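First the structure, in the form of structure tokens, and then the observations on it.
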Protein chains: 2
Amino acid sequence: MRDVAAQAGVSAMTVSRVLKGDPRVSSGSRALVLAAVEELGYRLNETARSLRVGGSGLIGLVVTNIANPFYSRLTLGVQEVAGEHGLRVLLANTGEDTDRERELVDDLLARQVDGIVLVPAGTGQGPLALVAARGMPLVLASRPPSDIDTDCVLVDDFGGAREATARLIAAGHRRIGFLGNPPALYTGAERFRGYWAAHEEAGLEPDERLVRRGLRDPATAQKAAEELLDQPDAPTALFCTNNRLTQGAVRAVRSSARTTALAGFDNFDLADVLGIPLTIAAYDPDEVGRRAARMLIDRIRPSSDRPIPARRTVVPTNVIEYGPRHDS
Amino acid sequence: MRDVAAQAGVSAMTVSRVLKGDPRVSSGSRALVLAAVEELGYRLNETARSLRVGGSGLIGLVVTNIANPFYSRLTLGVQEVAGEHGLRVLLANTGEDTDRERELVDDLLARQVDGIVLVPAGTGQGPLALVAARGMPLVLASRPPSDIDTDCVLVDDFGGAREATARLIAAGHRRIGFLGNPPALYTGAERFRGYWAAHEEAGLEPDERLVRRGLRDPATAQKAAEELLDQPDAPTALFCTNNRLTQGAVRAVRSSARTTALAGFDNFDLADVLGIPLTIAAYDPDEVGRRAARMLIDRIRPSSDRPIPARRTVVPTNVIEYGPRHDS
DNA sequence: CTGTTAGCGCCTTCAA
DNA sequence: TTGAAGGCGCTAACAG
């Protein structure tokens, strides 16, 4: 910047003012500075600016697995809103590892991010208390706060699971298997609750022997589904708590002789073209990211100076029915 | 840091030394400092450190669309390798917009990133010349450099397309349609070249009337496929240049009465379960990210001080055949 | 409208 | 082994 100032024959202060658009600069100086900037190919050093001004213009985004389409879409939503406010996204991936989450958050703090959007890994959130304690704006996504009091964006896990299950019941199914992710996870617990509630509301009681929880990937889901379908009194339908488990179940159904109906949480590509009866509780993952970013920015740049209480917002689901293939 | 120093009864300098693991500190001072750090919950300010030391410990990753599974997996690969070297990833999304790409890259420079991995948007790379000119390490992914001379990681677009097409020919197909993304894109051009080469090597000449290029999404691909299949002399197979186009083609084939064979670039979920003949040129997107990150780090932290010439590496493809459904 | 002074938090250099 | 001085690049605050 000194070089630019020298080249333009003004002081560094004037250069600074021109660059940040301060109107109190004569158009003459402005032109001189701009010319010098151009000629020297100068760019402002954001690091130094951050140090002086405070606030890095960065927000941290911590997800469990960026390769999962849900989180990559969430990332897109966060990016979109952050970009509108001139903020950049520093991305971190925990792989569901709590220790790593702590390290990453720690590093984000050291880098002076202006706020953090985080999908909590695992279940305990003790370490995050630190973040909140330091007054760092923090929004949780997908899973609610447990040990701490902070903003969060959730999906209507309960409602979506309940309605999808209810559709199966309405279609006449009475023996509906459940393929679920670990019950210790919030989404797992809520979606199971929805499955159960739909039964109760129809005056039915689910058969516990048709319930398999703690499934983590398509392969284990496929195996569990095959076992269920292989029983003498097999379920006529299966509800799966997420897209990966649904995909495992699709394989199992496909390789069996039965025409088992499927329902699941999360939409996925080609669901329309599988040619089996499929009921999906869908929602917009981008919207989770957008809302999280908006809540975060509300705290980073408060519109009023009253303290904002911790808020919670729930992204709705809508149930889609894909029919079997209609061969024409 | 001053507070910590005061609390520990030493100078700020000693605190700094302890924190960066300088051995020339007495164990007494060290213990004092660590206790004070713990008590005050102090963390080093990376921003200030960067300013003084130079180098931010950040690498920029610029992709065209993070919601595309290819790029989210690439991101995972970059993250993985960067993490091993203590580097964090600043993520930027261009949406295939060249102007936005320029802005984003500019911002990354202003933030003093140590290097950039970039998937070029569009075709012209003029603006990127600036980056290279400033001596910023830069690795391109998926698409090669055109106007500039820099490292890149490519996929074997030509080889994969050629082999997938050759498989169709080997299976007896003689009229093979082509559904392609815009030919101005490197991948589009290379994959078309592979399609053509497979024909020539078999002594065939593709029918230009079966070629549709410039397709951008599943919907346009579906429409193009339907038109092709609706002709009197319809193709018996279709080759698609990427997963989104393949998905459109799957829909078209499904809704037609024909049993058209499909081949395509990029693997995708549930390809195994569609129940139609499907030949896929697959590769590992994570590996593209890992290699790009490694090349970048080679430049950021050179092992020798000889200048490294611009390098190019190609990630291989392997062709997978998914059969039609075997109803048992 | 413009420049000077001072300092953001850290670390390199040099002296003790 | 430790500390003091100075400056990385930038910008508030205060002159002029």
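Chain A is the first sequence line, chain B the second, and so forth, proteins listed ahead of strands; every chain is numbered from 1. Remember, predicted model here, so these are calculated numbers, not experimental data.
Residue Asn45(A) contributes atom CG, which lies 14 Å from atom C1' of dG9(C) at whole-angstrom precision. Between the C1' atom of dG3(C) and the CG atom of Asp22(A) lies a distance of 14 Å, rounded to the nearest Å. In this structure, CG of Leu19(B) is placed 17 Å from C1' of dT12(C), rounded to the nearest angstrom. Rounded to whole angstrom, the span from the CG atom of Leu44(A) across to the P atom of dC8(D) amounts to 16 Å. Nucleotide dC10(C) holds its P atom 14 Å from the CZ atom of Arg111(A), rounded to whole Å. In this structure, the CZ atom of Arg2(B) is 14 Å from the C1' atom of dA4(D), given to the nearest Å. A straight line from CZ of Arg43(A) to P of dG9(D) spans 16 Å, rounded to a whole angstrom. For Leu51(A) and dG7(C), the CG to P distance is 14 Å, given to the nearest whole Å.
Among the nucleotides dA12(D), dG3(C), dC10(C), the one closest to any side-chain atom of Arg52(A) is dA12(D).
Nearest-nucleotide positions on DNA chain C place Pro23(A) closer to the 5' end than the other of Pro23(A) and Met13(A). In terms of position along DNA chain D, the nucleotide closest to Ser26(B) lies nearer the 5' end than the nucleotide closest to the other residue of the pair Ala48(B) and Ser26(B). Of the residues near DNA chain D, Ala12(B) and Val53(B), the one whose nearest nucleotide (by heavy atom distance) lies more toward the 5' end is Ala12(B).
Of the side-chain N and O atoms in Thr14(B), one or more sit less than 4.0 angstrom from OP1 or OP2 of dG3(D). Lys20(A) has no side-chain polar atom (N or O) that falls below the 4.0 Å cut-off from OP1 or OP2 of dG9(D). Between Ser16(A) and dG9(D), a side-chain N or O to OP1/OP2 separation shorter than 4.0 Å is absent. Residue Tyr42(B) has no polar side-chain atom (N or O) positioned under 4.0 Å from OP1 or OP2 of dG9(C).
Between Asp114(A) and Arg301(A), none of the side-chain N atoms (NZ, or NE/NH1/NH2) sits under 4.0 Å from a carboxylate O, so this pair counts as no salt bridge. Comment: Arg312(A) does not engage Asp151(A) in a salt bridge, judged by the lack of any side-chain N to carboxylate O separation of less than 4.0 angstrom. Using a cutoff of 4.0 Å between basic side-chain nitrogens and carboxylate oxygens, Lys20(A) and Asp22(A) are not scored as salt-bridged. Salt-bridge annotation for Asp284(A) and Arg73(A): absent, with no side-chain N of the basic residue lying under 4.0 Å from a carboxylate O of the acidic one. For Glu96(A) and Arg143(A), the salt-bridge test passes: some basic side-chain N is under 4.0 Å from an acidic carboxylate O. The existence of a salt bridge linking Asp107(A) and Arg111(A) is confirmed by a sub-4.0 Å separation between a basic side-chain nitrogen and an acidic carboxylate oxygen.
If you check every strand for non-hydrogen atoms under 4.0 Å, Ser50(B) touches nothing. Among the atoms of the strands shown, only primed sugar atoms or phosphate atoms (P, OP1, OP2) are found under 4.0 Å from some heavy atom of Ser29(B). Contacts of Arg24(A) with the nucleic acid, taken as non-hydrogen atoms under 4.0 Å apart, include base atoms.
Side chain Arg49(A) to base dC10(D): no donor-acceptor pair is found below 3.5 Å. A donor N or O paired with an acceptor N or O is found under 3.5 Å between the base of dG3(C) and the side-chain atoms of Arg17(A).
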